[in-house]
Amino acid sequence: MRVLIVTAVPAERDAVVRGIGATAPEVAELPVPGGMIHRLSPVPPAGPPLTVDVLAAGVGPAAAAAGTAAALTAAAVARTPYDLAVSAGIGGGFTTARPSPTARPTAERPAPAQSAPARLGSVVVADAIVAADLGAETPDGFTAVTDLGFGTVEHLPPAPLIAAVAEATDAVRGTVLTVSTVTGSAERAAELLRRHPRAAAEAMEGFGVAEAAAAQSVPALEVRAISNAVGPRDRAAWRIGEALEALTSTFGTIAPLLGTWTLEMEGTRQ
């Protein structure tokens with residue numbers, strides 16, 4: 001079993017490596033186009049040997065997609081393809097209660113399920129990875145690119161793996177939004193929650209990782225430790241150190257699980 005974990009910046013990569021390396025010392029550093037992979041070999045509780053490669057690919061969905069695609073392609077050419085790609089790092093959490101639905105639920109259109117608020121220092125595992133700002137502004141508001149007849153805006157991680165990670169870490173399950181511009185106002189945060197009632201976190205790389213993985217038929221997962229609340233940028237309230245520590249702890253716990261889940265792909269939903 002081979003797993004590729006992609007972060008944005010070296011601090012996130014190092015946090016992941018520290019967590020996995022607590023029980024599986026780093027084996028090697030290997031160059032790939034545009035970056036350096038840190039390889040570890042944790043011992044799974046059952047099943048085949050597990051190799052975990054960790055790569056800091058850069059900030060934003062484009063850099064994440066490019067770095068992921070390069071690593072996946074290099075592995076495929078070497079006939080050692082990856083079985084799973086994971087987007088990991090810190091992110092913003094939707095820490096407040098959700099707004100009430102604007103439309104009254106009916107039997108034909110029930111109210112959408114909502115995820116629990118994600119407090120600072122908590123961990124979120126994505127049950128949907130969504131490109132939240134991929135589309136067009138119209139006189140009626142934002143329109144997703146799929147409503148324009150193009151592309152994809154959502155990837156669904158494997159349900160058994162989501163369940164295993166959430167149970168092992170007490171993580172919040174919910175939608176993780178990928179944005180190219182981080183939210184900086186209460187108004188935009190509210191608008192994102194209106195469009196995505198199950199949103200638990202916001203980050204900048206998950207959809208890029210998932211899109212590159214889907215192109216090579218590799219399932220994807222996203223795990224985020226919450227460093228700040230989505231909304232007005234109050235740097236004094238950020239808890240980056242605490243979030244990085246949570247990321248380390250999480251990957252120390254889940255690394256062996258990454259090689260033991262059963263693949264039940266649920267595909268891509270538009």
Side-chain angles (χ1 to χ4, degrees), residues 1-6 16 19-20 42 44-48 50 52 64-65 68 72 81-89 91 93-94 98 110-118 122-132 144 146 151-178 193 195-203 205-226 246-247 249-270:
M1 185 78 171
R2 293 172 55 80
V3 177
L4 174 66
I5 300 175
V6 182
V16 171
I20 300 173
L50 175 61
V52 177
T68 302
L72 292 176
Y82 290 105
D83 301 288
L84 175 70
V86 182
S87 176
F94 289 94
R98 275 47 180 162
Q114 298 179 348
S115 65
S122 68
V123 174
V124 173
V125 58
D127 56 18
I129 302 169
V130 173
T146 46
T152 299
V153 295
E154 185 177 65
H155 292 283
L156 302 180
L161 185 54
I162 297 167
V165 170
E167 182 177 351
T169 62
D170 197 27
V172 174
R173 305 186 202 190
T175 298
V176 177
L177 305 181
T178 299
L193 276 179
R195 297 200 329 249
H196 306 283
R198 298 199 69 259
E202 171 191 271
E205 294 79 31
F207 188 79
V209 172
E211 188 83 338
Q216 300 196 34
S217 300
V218 175
L221 180 72
E222 184 167 9
V223 178
R224 293 285 165 182
I226 302 305
L247 197 64
S249 176
T250 295
F251 275 90
T253 299
I254 71 172
L257 300 176
L258 299 178
T260 61
W261 61 281
T262 301
L263 177 59
E264 294 179 5
M265 286 295 289
E266 295 190 20
T268 300
R269 185 175 65 207
Q270 297 186 359

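Start at 1 with the first residue, then count along the sequence.
- The heavy-atom pair separating L72 from A213 by the smallest distance is CD1-CA, 3.7 Å.
- Closest of all the heavy-atom pairs between I226 and A201 is CD1-CB, 3.8 Å.
- Nearest heavy atoms, A168 versus T253: O-CG2, 3.8 Å.
- Taken to the nearest 0.5 Å, the CZ atom of R224 stands 11.5 Å off from the CG atom of L177.
- To the nearest 0.5 Å, atom CG of residue L258 and atom CD1 of residue I5 are 6.0 Å apart.
- Checked by atom type and distance alone, the side chain of R195 pairs as donor or acceptor with a backbone atom of A132 at under 3.5 Å.
- Between D83 and V3, every side-chain heavy-atom pair lies at or beyond the 4.5 Å cut-off.
- Nearest approach of P81 to R2, heavy atoms of both residues: O-CD, 3.5 Å.
- Across all non-hydrogen atoms, the minimal contact from F207 to H155 is CE1-CD2, 3.5 Å.
- Screening V52, V223, T169 for a side chain to side chain contact (heavy atoms under 4.5 Å, CB included) involving F251 leaves a single residue, V223.
- Under the 4.5 Å side-chain criterion, counting only non-hydrogen atoms from C-beta, T175 is in contact with D127.
- We find that R173 and E167 are not joined by a salt bridge, their nearest charged nitrogen and carboxylate oxygen being 4.0 Å or further apart.
- For the atom pair I254 CD1 and L221 CG, the distance stands at 6.5 Å (nearest 0.5 Å).
- Shortest non-hydrogen contact noted between I129 and A210 is CD1-CB, 4.1 Å.
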Legend entry - Pair E205-V6, side-chain contact (heavy atoms from CB on, under 4.5 Å): steps then yes or no: CA-CA 9 Å; E205 294 79 31; V6 182; over 6 Å; no
